[in-house]
Each structure stands twice: as C-alpha cells, then as structure tokens.
Amino acid sequence: MKVGIIGCGAIANIITTSIVSEDNDIDIAYFFDKDIERAENLASLAGGVAVLNFDDMLDKVDLILECAAPISVKEYAPKVLKK
C-alpha cells in the first residue's frame, strides 16, 4: 500500500518511524508540508519523496494520512474524499 502524509510534524514523525521500522507492505512514499524542509526530512527517513504541491501525490497513493493542523483539513479533505 502506498501512503501519502499531509503535515510532517510530530505526529507524522511518530507514524513514519513506527511504520518504516516494521516489515510490512506499507510504503510511506509521499510527504507534503507547507514547510518543505520538514517534508524532505521525513522523506529521507522513509526513502520517500517530498512534494511541493499536494496534488502531485493525490493520484499516486492508496491512502492519505492527515497529520497537519486542523485548518489543513478544511483545505485538503475535500480533494481526498473526492478521490
């Protein structure tokens, strides 16, 4: 399963480090954060890709994990749910 993460703060860090360290079929492949440096840091930890534009990962993943601030849900949830 390919996963994308919105928001690359503390919650995303915990999820990413937990999933990456296990032997499973979960590939956290894409990371999006308005602070691209945070996305790049988590992407390098997971062997994934940091994206500058949320839409760049939307069609490439099976699941989106929302780990961002509540205001982000208002912006991104409609696109995720429509997909």
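As the structure is a computational prediction, the values presented were derived from the model and not from experiment.
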Closest approach of A12 to G7 (non-hydrogen atoms, all atoms of both residues): CB-O, 3.1 Å
To the nearest 0.5 Å, what is the distance between CG on L52 and CD1 on I36? 4.0 Å
Going by side-chain contact (heavy atoms from CB on, under 4.5 Å), I6 matches just one of E75, K34, M57. Which one? M57
Under 6.0 Å from the CD1 atom of I11, do we count more than 12 heavy atoms belonging to anything else shown? no
Please answer: with hydrophobic residues joined when any side-chain heavy atoms are less than 4.5 Å apart, are V49 and F54 in the same cluster? yes
In terms of heavy-atom contacts, A69 and E66 come closest through O-OE2, 4.0 Å
CD1-CE distance between I28 and M1, expressed to the nearest 0.5 angstrom: 11.0 Å
Within this structure, what is the CG-CG distance for the pair N13 and L45, rounded to the nearest 0.5 Å? 7.0 Å
Smallest separation among heavy atoms of I26 and N24, with atom names: N-OD1, 2.9 Å
Shared hydrophobic cluster for Y76 and V3 (ILVMFWY, side-chain gaps under 4.5 Å): no
Run the side-chain contact (heavy atoms from CB on, under 4.5 Å) test on I5 and L42 for me, step by step, so that the C-alpha distance in whole Å, both residues' side-chain angles and the decisive distance to 0.1 Å come before the verdict. CA-CA 10 Å; I5 291 185; L42 276 183; 5.5 Å; no
Over all heavy atoms of both residues, which pair between F31 and G48 is shortest? Give the atoms and the distance, please. CE1-CA, 4.2 Å
Shortest non-hydrogen contact between F32 and V51, atoms and distance: CD1-O, 3.5 Å
Working to the nearest 0.5 angstrom, can you tell me the gap between E37 CD and C8 SG? 11.5 Å
Of all heavy-atom pairs between T16 and A46, which one has the smallest distance, and what is that distance? CG2-CB, 3.8 Å
Hey, could you give me the CG/CD1 distance between L58 and I64, rounded to the nearest 0.5 Å? 5.5 Å
Is it true that D27 and K2 have a side-chain N and a carboxylate O under 4.0 angstrom from each other? yes
